Amino acid sequence: MKYQSLRGMKDILPEEAPLWQKIEAACSKKFQQFNYQEIRTPIMEMTELFARAVGQSTDIVSKEMYSFTDKGNRNVVLRPEGTAPIVRACLEHNLISKDKITKLYYFGPMFRYERPQAGRYRQFHQVGIEAFGSADPALDAETILLAVSIFKDLGLTDLEVDLNSVGCKECRPRFDSRLRAYLKGFIVQMCEDCHIRYKKNPLRILDCKKPTCQNITNEILQKIGDSDYLCADCKDHFEKLKSILDSLSVNYKINKRLVRGLDYYTKTTYEVISSSLGAQNAVCGGGRYDNLVEDFGGSSVPAVGFAIGMERLVEIMKLKDQNAKLKANVQLYIAPLGEEAKSKAVEYLQKAREAGISADMDYQDKKLKAQLKIANAIGAKYVLILGDDELKKNIVVLRDMQANSQEEITFEEVLARIR
RNA sequence: GCGGCCUUGGUGUAGUGGCAACACAGCAGAUUGUGGUUCUGUUAUUACGGGUUCGAUUCCCGUAGGCCGCCCCA
């Protein structure tokens with residue numbers, strides 16, 4: 001084979017596309033119920049946008065961006081995530097302010113130059129939401145509930161919501177230095193990556209999966225207690241969020257090791273994870289980002305949002321529902337026999353379609369037998385057979401494929417019958 | 001970016017240092033214009049490039065891609 005798709009990119013084939021459509025439909029229905037509006041931003045942005053929002057030292061920015069210079073010598077990237085472009089668009093078009101709530105959703109491809117693996121692609125798709133204008137934990141809860149209800153609508157039950165708070169710009173630095181102090185004596189025993197994290201982002205050490213590192217952090221997590229490291233405001237926010245979720249009967253698990261890799265998160269962070277996905281188990285990730293709008297030069301507008309990974313969601317759906325494949329359902333298949341019949345068939349086909357009937361015909365001059373075979377394969381309900389005899393009599397043979405019966409009627413009667 | 005495993009028709013799988021096998025799908029046919037069953041035929045430069053060899057699909061090296069783990073995340 002001469003050409004193949006680029007590494008980490010994949011084709012969504014007709015067989016799988018209906019599943020994507022089903023998911024997209026379920027999402028947009030929910031978004032509307034929750035009063036979110038769609039926004040579509042370009043897939044390319046200036047490099048700086050992400051360096052600033054996501055964080056210079058994060059993996060996404062430091063090694064995973066598809067960046068290049070365009071013909072005008074601009075530094076551009078294929079977007080690695082959806083939040084930064086939306087904040088940019090909102091500020092550019094004045095969509096947000098601290099006096100009003102703005103709720104948006106998006107759907108589209110994202111790009112990260114990583115080593116591909118199951119559930120991890122270089123081009124992948126996210127559906128996500130962003131809600132601007134309120135620091136109320138009830139809004140955090142709304143976003144979590146929205147994600148959960150989408151999964152529920154899709155019939156997915158074995159998912160787990162992990163919840164944490166990473167604090168704000170007041171308490172996070174304090175916690176970082178407290179963590180460093182705790183870890184100081186143990187750091188020599190820890191892994192290489194944790195040494196880097198110790199300097200760059202000590203919170204991430206909690207997220208390390210190596211047993212030796214976890215043993216050390218286990219003790220620390222116990223010492224730290226429930227949410228002692230948070231300031232009064234963040235602690236109150238976290239407590240309120242938990243009680244709202246409790247009152248809504250949303251199941252969640254506090255996971256103090258949940259630290260997300262994007263620098264803009266403050267207070268609430270959460271993930272929805274599936275046990276059936278292997279290492280790449282997060283189907284949805286989100287949280288609050290109260291400083292991002294201000295960092296981008298806007299006024300101080302708090303915000304919260306999430307993103308769902310489409311490929312991973314599709315994967316779970318496929319595991320759950322092996323026979324989710326949908327056949328094309330054509331109502332009428334026209335089978336002409338001979339040249340004269342073919343031109344009449346083209347005319348009938350167009351009339352049927354204009355009447356709102358999904359219809360198709362043979363374009364390969366196949367024998368009747370072969371045409372019926374195709375009609376059967378595509379799941380046609382009726383086949384209209386048109387040969388010299390029928391042309392003479394100005395009627396058609398309408399065959400009911402399920403009932404295994406057929407009759408001679410006029411084309412007008414066919415339309416009336418099927419419609 | 002690091003480590004491990006893998007790559008044979010459209011799909012799923014055999015197999016051997018000497019003609020590449022099977023199933024399913026596809027297409028064609030089984031006397032006139034009738035499908036979903038049956039039968040017959042047909043469908044591959046064994047991922048790509050190089051090396052060893054009289055001869056490589058098989059052994060070796062490289063490349064590409066996939067999968068798994070790390071990292072990270074959706």
Side-chain angles (χ1 to χ4, degrees), chain A residues 1-10 13 15 54-55 57-64 79-83 107-128 147 191-194 196-197 201 204 207-210 213 258-262 265 269 271-274 277-286 306-316 327 333 335-338 341 362 364 366-391 397-406:
Chain A
M1 202 183 311
K2 197 164 181 189
Y3 294 113
Q4 57 184 315
S5 62
L6 288 170
R7 181 157 209 212
M9 313 257 159
K10 74 163 198 166
L13 304 177
E15 186 187 56
V54 177
S57 68
T58 60
D59 282 31
I60 292 177
V61 169
S62 63
K63 51 186 197 194
E64 295 171 3
R79 61 183 183 196
E81 60 103 48
T83 302
F107 172 87
M110 306 293 162
F111 302 83
R112 289 182 202 169
Y113 197 90
E114 292 184 87
R115 185 130 176 201
Q117 200 172 310
R120 190 167 76 183
Y121 301 94
R122 289 184 171 180
Q123 174 176 338
F124 61 101
H125 297 78
Q126 291 186 330
V127 231
C191 72
E192 218 175 296
D193 291 324
C194 281
I196 299 164
R197 295 181 183 120
N201 188 354
R204 290 217 71 93
D207 205 22
C208 187
K209 276 115 196 157
K210 297 205 174 65
C213 299
L258 173 64
V259 181
R260 299 181 48 72
L262 290 78
Y265 286 115
T269 55
E271 275 182 6
V272 180
I273 57 180
S274 163
L277 282 179
Q280 261 56 43
N281 64 352
V283 260
C284 174
F306 70 68
I308 290 171
M310 281 295 288
E311 282 77 2
R312 291 179 190 178
L313 182 49
V314 165
E315 204 45 50
I316 301 174
K327 254 193 194 173
Y333 193 81
L337 301 163
D362 171 72
Q364 294 178 304
K366 285 188 189 270
K367 292 186 174 179
L368 181 59
K369 193 181 180 110
Q371 296 197 47
L372 283 165
K373 214 170 164 182
I374 287 166
N376 187 56
I378 64 175
K381 286 194 180 61
Y382 294 96
V383 175
L384 187 159
I385 300 164
L386 191 59
D388 291 340
D389 299 349
E390 289 78 17
L391 284 176
V397 170
L398 185 68
R399 181 171 179 79
D400 184 326
M401 293 297 275
Q402 270 130 45
N404 217 353
S405 64
Q406 60 189 43

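Here the structure is a predicted model, which is why all the values come from computation and not from measurement. Quick note on labels: first sequence line is chain A, next is B, and so on, each numbered from 1.
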Say whether, by atom type as modelled, one donor and one acceptor occur between the side chain of [X] and the main chain of [Y] under 3.5 angstrom.
X: A:Arg122; Y: A:Glu114; value: yes
X: A:Glu311; Y: A:His125; value: yes
X: A:Arg79; Y: A:Pro109; value: yes
X: A:Arg312; Y: A:Val283; value: no

Quick one: [X] [atom1] to [N] [atom2], roughly how many Å, whole number?
X: A:Gln402; N: B:U34; atom1: CD; atom2: P; answer: 21 Å
X: A:Asp59; N: B:C2; atom1: CG; atom2: C1'; answer: 13 Å
X: A:Ile378; N: B:G26; atom1: CD1; atom2: P; answer: 13 Å
X: A:Gln280; N: B:C68; atom1: CD; atom2: C1'; answer: 10 Å
X: A:Leu368; N: B:U34; atom1: CG; atom2: P; answer: 6 Å
X: A:Ile385; N: B:G33; atom1: CD1; atom2: C1'; answer: 8 Å
X: A:Glu114; N: B:G69; atom1: CD; atom2: C1'; answer: 15 Å
X: A:Arg399; N: B:G35; atom1: CZ; atom2: P; answer: 7 Å

Hey, is the side chain of [X] pairing donor to acceptor with the base of [N] inside 3.5 Å?
X: A:Glu64; N: B:C72; result: no
X: A:Arg112; N: B:C72; result: no
X: A:Glu390; N: B:G33; result: yes

Closest approach to the side chain of [X], judged atom by atom: which nucleotide of [options] is it?
X: A:Gln4; options: B:G65, B:A30, B:G33; result: B:G65
X: A:Gln117; options: B:C68, B:C72, B:A30; result: B:C68
X: A:Asn376; options: B:G33, B:G36, B:C71; result: B:G36
X: A:Lys367; options: B:G29, B:G35, B:C71; result: B:G29
X: A:Asn404; options: B:G35, B:C72, B:G33; result: B:G35
X: A:Asp389; options: B:G33, B:G29, B:C72; result: B:G33

Can you check whether [X] has a side-chain N or O nearer than 4.0 Å to OP1 or OP2 of [N]?
X: A:Lys63; N: B:G1; result: no
X: A:Gln371; N: B:U34; result: no
X: A:Arg115; N: B:G1; result: no
X: A:Lys366; N: B:A28; result: yes
X: A:Arg7; N: B:G66; result: yes
X: A:Arg197; N: B:C72; result: yes
X: A:Arg204; N: B:C72; result: yes

Task: Of A:Glu81 and A:Met9, the one whose closest RNA chain B nucleotide lies more 5' - done: A:Met9
Task: First encountered from the 5' end of RNA chain B, between A:Pro116 and A:Gly285 - done: A:Pro116
Looking only at atom [atom1], what distance separates [N] and [M], rounded to whole Å?
N: B:G10; M: B:U63; atom1: C1'; value: 26 Å
N: B:C67; M: B:G62; atom1: P; value: 22 Å
N: B:C68; M: B:G35; atom1: P; value: 45 Å
N: B:C19; M: B:C61; atom1: C1'; value: 29 Å
N: B:A47; M: B:A56; atom1: P; value: 15 Å
N: B:U32; M: B:G36; atom1: C1'; value: 23 Å
N: B:A28; M: B:U34; atom1: P; value: 15 Å
N: B:C48; M: B:G65; atom1: P; value: 15 Å

TODO: Kindly give the heavy-atom pair with the smallest separation between A:Leu386 and A:Ala341, and that separation in Å.
DONE: O-CB, 3.2 Å
Could you tell me whether [X] contacts a base, only the sugar-phosphate backbone, or nothing, with contacts defined as non-hydrogen atoms closer than 4.0 Å?
X: A:Gly8; answer: sugar-phosphate
X: A:Ala118; answer: sugar-phosphate
X: A:Gly119; answer: base

Find the partner of [N]: check Watson-Crick (N1-N3 plus N6-O4 or O6-N4) and G-U wobble (N1-O2, O6-N3) distances, both under 3.5 Å, and reply none if neither fits.
N: B:U38; result: B:A30
N: B:G3; result: B:C68
N: B:U11; result: B:A23
N: B:U63; result: B:A47

Do [X] and [Y] come close enough that some side-chain heavy atom pair is under 4.5 Å?
X: A:Gln371; Y: A:Pro336; value: yes
X: A:Glu64; Y: A:Thr58; value: no
X: A:Leu262; Y: A:Glu81; value: yes

Open item on the list: A quick test of your reading: do over 12 heavy atoms of other residues, nucleotides or ligands sit less than 6.0 Å from NZ of A:Lys373?
Closed with: no
